[in-house]
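Input: a single structure, listed below in structure tokens.
The structure presented is a predicted model; accordingly, all values stated were derived computationally and were not measured. Numbers restart at 1 for each chain; the letters A, B, ... are given by sequence-line order, proteins then strands.
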Protein chains: 2
Amino acid sequence: MSAPISHDMRDGLREHRRKLTRPRQAILDIIASADHHLTPAAIHKRARKKYPHLGLVTVYRTLDLLTELGYVQRVHFDDGCHSYIAAPHGHAHHLVCSTCGKAQEFSDCDLDALIATLQRKTGFEISVHMLELMGRCPACAASQKALTRQARSQ
Amino acid sequence: MSAPISHDMRDGLREHRRKLTRPRQAILDIIASADHHLTPAAIHKRARKKYPHLGLVTVYRTLDLLTELGYVQRVHFDDGCHSYIAAPHGHAHHLVCSTCGKAQEFSDCDLDALIATLQRKTGFEISVHMLELMGRCPACAASQKALTRQARSQ
DNA sequence: TTCCAACTGAAAATGTTTTTCATTTAGAAA
DNA sequence: TTTCTAAATGAAAAACATTTTCAGTTGGAA
Ligand SMILES: [Mn+2]
Ligand SMILES: [Mn+2]
Ligand SMILES: [Zn+2]
Ligand SMILES: [Zn+2]
């Protein structure tokens with residue numbers, strides 16, 4: 001349940017000769033212990049409880065850094081905004097609940113066959129893919145059903 | 001090669017009881033005849049040549065409308081910005097060249113099996129997916145190779 | 001301890017997208 | 001044709017996420 005990811009991240013920072021500062025610790029801790037994706041603003045808000053001085057700019061800069069180092073993954077939304085979530089090791093994507101924001105990662109995106117076929121057919125050299133799946137998490141689906149049932153019985 | 005799509009779009013507007021205005025015609029024509037994805041700003045710039053009065057706000061509104069009606073598809077970029085491209089009928093995605101912007105659509109995204117498996121494993125009800133593939137188009141790949149060869153021979 | 005590249009926050013700038021609102025217009029109805 | 005009205009428009013301002021700038025601070029190597 002708890003996440004030992006933050007230790008990895010701390011080590012990673014050292015390896016890359018980046019400093020481990022109080023602001024970064026606060027941001028790190030929040031991302032590592034969240035099971036939901038969080039926007040930069042949300043992270044800022046939460047982190048300020050531990051480190052009130054923290055600026056939003058530093059949140060953005062830290063998120064960029066952690067994304068680059070591979071410790072955090074961006075989640076892309078249709079409106080163009082981004083959220084962030086602790087990244088699993090290696091390549092993965094997320095299932096995101098559009099109702100409550102819960103995110104669940106999965107690593108078997110299985111796009112290799114598709115990509116290979118497309119490369120052959122089109123001559124494109126495909127180097128990046130972006131895959132986001134959205135829907136309703138089990139909990140939200142259940143409460144939705146309960147509501148519908150209730151409405152129908154009235 | 002040429003696109004009869006614009007006729008579809010005109011008919012579609014009528015069917016949905018939306019007006020076919022000069023600004024919309026200008027925007028429609030540009031999207032229907034482009035083989036590259038275009039940003040709202042780029043569409044605005046081009047459309048002004050035909051209809052100088054056109055405001056950028058109208059471009060945004062028209063793109064929203066056409067996307068909603070299914071005649072145009074958004075292309076999502078990592079930085080959060082969007083481009084637009086004439087949509088094929090039915091569900092499809094695009095291969096986008098990160099060098100020149102050329103877009104090629106493909107319809108066999110083949111995510112059904114993946115989605116079914118994930119739904120079963122996780123209990124999520126997956127209703128939306130976003131898939132963008134990016135890389136280099138054949139032309140850009142070729143000119144890149146030519147450059148590399150040239151550099152090496154110096 | 002010293003030292004400096006890395007890091008920071010405040011403020012301002014940027015760039016995209018949305019809202020507001022007074023005016024105009026497409027196209028249906030008379 | 002003319003009338004009428006919901007739909008559409010553009011200018012301006014606002015909203016919003018994100019980036020840049022810059023002067024000061026700090027982690028941690030030496
Ligand atoms: Mn997007
Ligand atoms: Mn994105
Ligand atoms: Zn949920
Ligand atoms: Zn290209």
Side-chain angles (χ1 to χ4, degrees), chain A residues 9-30 37-69 71-72 74-85 101, chain B residues 9-30 37-69 71-84 101:
Chain A
M9 290 203 271
R10 286 182 225 280
D11 292 351
L13 281 176
R14 289 212 183 83
E15 275 166 34
H16 290 264
R17 289 186 206 139
R18 313 304 294 264
K19 295 178 179 173
L20 179 56
T21 61
R22 296 241 302 117
R24 283 181 182 168
Q25 286 187 46
I27 294 167
L28 247 42
D29 286 345
I30 282 164
H37 58 95
L38 296 167
T39 61
I43 292 166
H44 182 227
K45 201 171 178 182
R46 291 190 187 196
R48 277 198 160 200
K49 288 175 187 164
K50 291 271 169 106
Y51 186 69
H53 205 43
L54 181 71
L56 181 56
V57 197
T58 299
V59 175
Y60 275 100
R61 284 192 283 231
T62 302
L63 291 173
D64 279 355
L65 173 66
L66 296 180
T67 302
E68 205 176 313
L69 299 187
Y71 294 111
V72 153
R74 283 182 154 212
V75 181
H76 305 262
F77 290 92
D78 196 56
D79 67 355
C81 294
H82 296 129
S83 280
Y84 293 81
I85 192 166
Chain B
M9 289 203 271
R10 285 182 225 280
D11 293 349
L13 281 176
R14 290 214 183 83
E15 274 165 35
H16 289 264
R17 288 186 207 142
R18 312 305 295 263
K19 296 178 181 175
L20 179 55
T21 61
R22 299 238 303 114
R24 282 182 184 169
Q25 286 187 47
I27 294 167
L28 247 41
D29 287 344
I30 283 163
H37 59 95
L38 296 167
T39 62
I43 292 167
H44 182 228
K45 202 170 177 182
R46 291 190 186 197
R48 278 198 159 198
K49 287 175 188 166
K50 290 272 169 107
Y51 186 70
H53 206 43
L54 181 71
L56 180 57
V57 197
T58 299
V59 174
Y60 275 99
R61 284 191 284 229
T62 301
L63 291 173
D64 279 355
L65 174 64
L66 296 180
T67 302
E68 206 175 311
L69 299 187
Y71 294 111
V72 154
Q73 222 176 52
R74 283 182 153 211
V75 181
H76 306 261
F77 290 91
D78 196 56
D79 67 354
C81 294
H82 295 129
S83 282
Y84 294 82

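For A/Cys81, counting side-chain heavy atoms from C-beta on, the closest listed nucleotide (D/dA17, D/dT19, D/dA11) is D/dA17. Closest to the B/Leu20 side chain, of the nucleotides D/dG10, C/dG27, D/dT19, is C/dG27. Between D/dA17, C/dT18, C/dA5, one nucleotide has an atom nearer to the side chain of A/Lys19 than all others, and that is C/dA5. Minimum atom distance to the side chain of A/Val57 is reached by D/dT19, of the listed C/dA6, D/dT19, C/dT18. For A/Pro40, taking side-chain heavy atoms from C-beta onward, the closest of the listed nucleotides D/dT18, C/dA26, C/dC21 is D/dT18. Side-chain atoms of B/Tyr60 lie closest to C/dT18 of the nucleotides D/dG10, D/dG27, C/dT18. Residue A/Pro23 places its side chain closer to C/dT8 than to any other of C/dT8, D/dA8, D/dG10.
B/Arg22 has no side-chain polar atom (N or O) that falls below the 4.0 Å cut-off from OP1 or OP2 of D/dA8. Neither OP1 nor OP2 of C/dA6 sits under 4.0 Å from any side-chain N or O of A/Thr21. Distances shown here put a side-chain N or O of B/Arg24 below 4.0 Å from the OP1 or OP2 atom of D/dT9. Contact check, B/Arg61 against D/dA8: no side-chain N or O comes under 4.0 Å of OP1 or OP2. Note on A/His53: every side-chain N or O is 4.0 Å or more away from OP1 and OP2 of D/dT25.
The residue among A/Arg48 and A/Arg17 whose nearest nucleotide of DNA chain C is located toward the 5' end is A/Arg17.
By the 4.5 Å heavy-atom criterion applied to side chains, A/Leu28 and A/Leu13 are counted as neighbours.
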Run B/Leu65 and B/Arg24 through side chain to side chain contact (heavy atoms under 4.5 Å, CB included) and show every step you take.
CA-CA 10 Å; B/Leu65 174 64; B/Arg24 282 182 184 169; 3.5 Å; yes
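Between the A/Arg48 side chain and the A/Leu54 main chain, a donor and an acceptor come within less than 3.5 Å of each other.
Rounded to whole Å, the distance from CD1 on A/Ile27 to C1' on C/dC7 is 12 Å. If you take CZ of B/Phe77 and C1' of D/dT18, they are 18 Å apart, rounded to a whole angstrom. Per the geometry, NE2 belonging to A/His44 stands 14 Å off C1' belonging to D/dT18, to the nearest Å. Counting to the nearest Å, the P atom of D/dA17 and the NZ atom of A/Lys45 are 12 Å from each other. Taking atom CZ on B/Arg74 and atom P on C/dT16, their separation rounds to 14 Å, with Å as the unit. In this structure, CD of B/Glu15 is placed 14 Å from P of C/dA28, rounded to the nearest angstrom. Rounded to an integer number of Å, the gap from B/Leu56 CG to C/dT16 P is 9 Å. Taking atom CD1 of B/Ile43 as the reference point, atom P of C/dT16 lies 13 Å away to the nearest angstrom.
Shortest non-hydrogen contact noted between B/His37 and B/Val75 is CB-CG2, 4.3 Å. Of all the heavy atoms in A/Pro40 and A/His82, the pair that sits closest is CD-O, 3.5 Å.
Rounded to the nearest 0.5 angstrom, A/Glu68 CD and A/His16 NE2 are separated by 9.0 Å.
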